[in-house]
Amino acid sequence: MAFDIEMIKKVYSNTVERVDAAREITRKPLTLAEKILYSHLWNRDSKKAFIRGEDYVDFAPDRIALQDATAQMALLQFMQAGKTQVAVPTTTHCDHLIQAKDGASTDLQSALNTSNEVFNFLESVSNKYGLGFWKPGAGIIHQVVLENYAFPGGMMIGTDSHTVNAGGLGMVAIGVGGADAVDVMAGMAWELKFPKLIGVKLTGKLSGWTAPKDVILKVAEIVSAKGGTGAIVEYFGEGATSMSCTGKGTICNMGAEIGATTSTFGYDESMERYLRATDRSDVADAANKVKDYLTGDAEVYANPEAYFDQVIEINLSELSPLLNGPFTPDLSTKVGADMREKANANDWPLQVEWGLIGSCTNSSYEDLSRASSIAQQAIDKGLKMKSELGINPGSEKVRYTADRDGILGVFEKLDAKIFTNACGPCIGQWARYSDPANAPKNSIIHSFNRNFAKRADGNPNTHAFVASPEIVAAVAIAGRLDFNPMMDTLINEDGVEVMLDEPTGWELPPKGFEVKDDGYLAPQKDGSRVEIVVNKESERLQLLEPFTPLGNTLNGVKLLIKAHGKCTTDHISMAGPWLRFRGHLDNISNNCLIGAVNAFGMKTNFVKNQITGDFGGVPDTARVYKAAGIKTIVIGDHNYGEGSSREHAAMEPRHLGVAAVLVKSFARIHETNLKKQGMLGLTFANEADYDLIQEDDTFNFIDLHEFATNKPLILEVVHADGSKDTVVANHTYNSGQIEWYNEGSALNLIKKENA
Ligand code: MIC
Ligand code: SF4
């Protein structure tokens, strides 16, 4: 069985008891987010009312999900923790390591050929330690989780930033680094700073061309890519209940793009319908019995300003379809004339080469059916597609059902490529060019979530715009970025002017979901005899060596790179072709920070080696320092480490001898990842000090021997001419996290405690 109803019933009986208790402790009505948080406290007897944005709190999540690209490192760490079974239900999903090239039938086979070693490793580790395993081709982690495991009022963590997608089914689902997941798999608590709360009141109703995607594209415009940092976003109001469950999933999914800890919606009829359609009537029945506990209190929604830290109101009836991009998901433009103007002013190519529909963000049955209603019109109205079209369904269940119902057939008639049920073009696994670095400037439009430079196809000149699946279909038909389907006409093959009608579709398949083989493998009851083999010669997998503590005297630390501007996890540890090394720390370290722009010279992967005076790539230079026993520091701008949960972005610098990362501000998951690996993640107390840092600087940590909570660290920065500056560096380490630093990593501490 894919889910455990008894476990869910237990969660619900806890919820009732603990929510009532929390109301007394906090002496106020509760938001949904608070209900879920308070009912998942590790310490069941806690009587504390937590301070949002301040208190570190231990939680007990109900589930864990891992995906192939992050699971390798997570499981390599778990194998060191000395446990025989995972303590909490966990699943592994194979979705990232599959290229999109010619279409599912050949692409899946070639992924199996090239990555078999890794898939076998993940399968045998899952089997040994009691994790459920979803085979390559079964689907994208977040869609599979929504269909099988997510449940209203539950708490889960996942080693992927879009774990938040499960908020669409009323969960608090949070993306974490692998080391966090290891804690929970090993039976320990999971720690999070008690989040702030943002309420989004949705009034009105979506209609015509607007879709749930436009809601989150609008929210991103309002709050920006870091506006949700440290907060849970809770959606409510008539507009919320009027949307489908999977539409809510889309909105929560892209909460990662505003840096939110997670997003969620209260339990409602759309969720009930979705649970019943996905074979989980027993979960719906159980949820119905405790309905009031699975949504925010009425007083909260009636007077949100009194209970949320920030309130945003969006009238869905006034929303218009948006395109966000290029290069950042929070740059919003209305379809049509506004886009034409902006594109012309910024020299964005108006011609659109590709439209891509799918990914974990927008690949529900509803998404595919609405997009196909537009595609069907191209056929009916004699329009020739001006852009190419690609589809990556989110799961085998959706794919099989959409195929049965003729939805995929519509796309196929338009020569669309149906890629594997996997991430593919969303994560640089799109074999679009033979030489992406020298590929031409172009525009594409997709229904995914991220559009950082090089993200989809490795081409720095690809301008990617994010939109709803129905807008992607329309723009792909027109082939123009500035097409406004609500106003513009198109000329068909017979020279006749035609217009596209509004999209129509099905929230859920009228004939129900169906699937032949969903791709799930249950683990053995007793995995003790399962052997895990990691070949010493392997270039894909490498057993981990514990990191050595950095110690309390750090002097003579050299600047490795001062990153200029946006530095996401894609800049720090690129995906695409590098995904193949996710289980081999030394090999993947060769991509360390190669996408970051060096503030000196404004080039990528070109930094000064202070020992030799030569210039070279970041990883090579770091290796020279490491060999010489010299520690290094990375300097960064705002929202450093935004994007992915990949802990490689912390482990690689750690492996290459970086001791500290000092930035204007961090994205949450990345900051935790640095702490977990026993490094210093610091922020400038005075942001302007960023400008003091010179290319030849050396850093001395004056008072690291007094490293303590709530006490900034003082750094002496010695410039090449001998002059000095003092920089005050803030940090958010609590005493447990300082211990991780002292031990060399959180894992070292677990091992010590288990020894
Ligand atoms: C992504 O969307 O960037 C990824 C790839 O899914 C990552 C995880 C990873 O880097 O493996 C994420 O979002 O956390
Ligand atoms: Fe996969 Fe893209 Fe979703 Fe990440 S965002 S899980 S790469 S589909």
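We count ligands from 1, going down the list as the structure has it; atoms in each ligand are counted the same way.
Of the charged side-chain nitrogens involved, at least one lies within less than 4.0 Å of a carboxylate oxygen, so that Lys218 and Glu221 count as a salt-bridged pair.
Close contacts between ligand 2 and His96 involve ligand atoms 1 (Fe), 4 (Fe), 6 (S), 7 (S) [criterion: under 4.0 Å to a heavy atom]. Listed by number with element, the atoms of ligand 2 under 4.0 Å from a non-hydrogen atom of Ile427 are 7 (S). The atoms of ligand 2 that sit less than 4.0 Å from any heavy atom of His162 are 4 (Fe), 5 (S).
Relative ring orientation between Trp134 and His93 is described as parallel, the plane-to-plane angle staying below 30° on a 0-90° scale split at 30° and 60°.
For the pair Lys676 and Trp740, the cation-pi criterion (under 6.0 Å, within 45° of the ring axis) is fulfilled.
When the heavy atoms of Asn165, Asp160, Asn449 are ranked by distance to atom 5 (S) of ligand 2, first place goes to Asn449. The closest heavy-atom contact to atom 6 (S) of ligand 2, among the options His142, Glu257, His93, Gln67, comes from His142.
Ordered by chain and residue number, the residues placing a heavy atom less than 4.0 Å from ligand 1 are Gln67, Ala69, Thr70, His96, Asp160, Ser161, His162, Ile427, Arg450, Arg455, Arg582, Ser644, Ser645, Arg646.
Asp160 and His142 share a donor-acceptor pair across their side chains, judged by distance under 3.5 Å alone. Judged purely by distance below 3.5 Å, without hydrogens or angles, the side chains of Ser364 and Asp367 pair a donor atom with an acceptor atom. Using a 3.5 Å distance cut-off with no hydrogens or angles, the side chains of Lys213 and Thr361 do not pair a donor with an acceptor.
Among all non-hydrogen protein atoms, the one lying nearest atom 1 (Fe) of ligand 2 is Cys423 SG, 2.3 Å.
Not one N, O or S atom of Cys426 sits under 2.8 Å from atom 1 (Fe) of ligand 2. Look at Cys360 and atom 3 (Fe) of ligand 2: an N/O/S atom of the residue is under 2.8 Å from the metal.
Between the side chain of Asp457 and the backbone N or O of Trp430 there is no donor-acceptor pair closer than 3.5 Å. No donor-acceptor pair closer than 3.5 Å links the side chain of Asp403 to the backbone N or O of Arg399. Listed for the Ser665 side chain is no donor-acceptor partner under 3.5 Å among the backbone atoms of His638.
The only member of Thr91, Thr92, Thr90 that meets side chain to side chain donor-acceptor pair (under 3.5 Å) when paired with Ser126 is Thr92.
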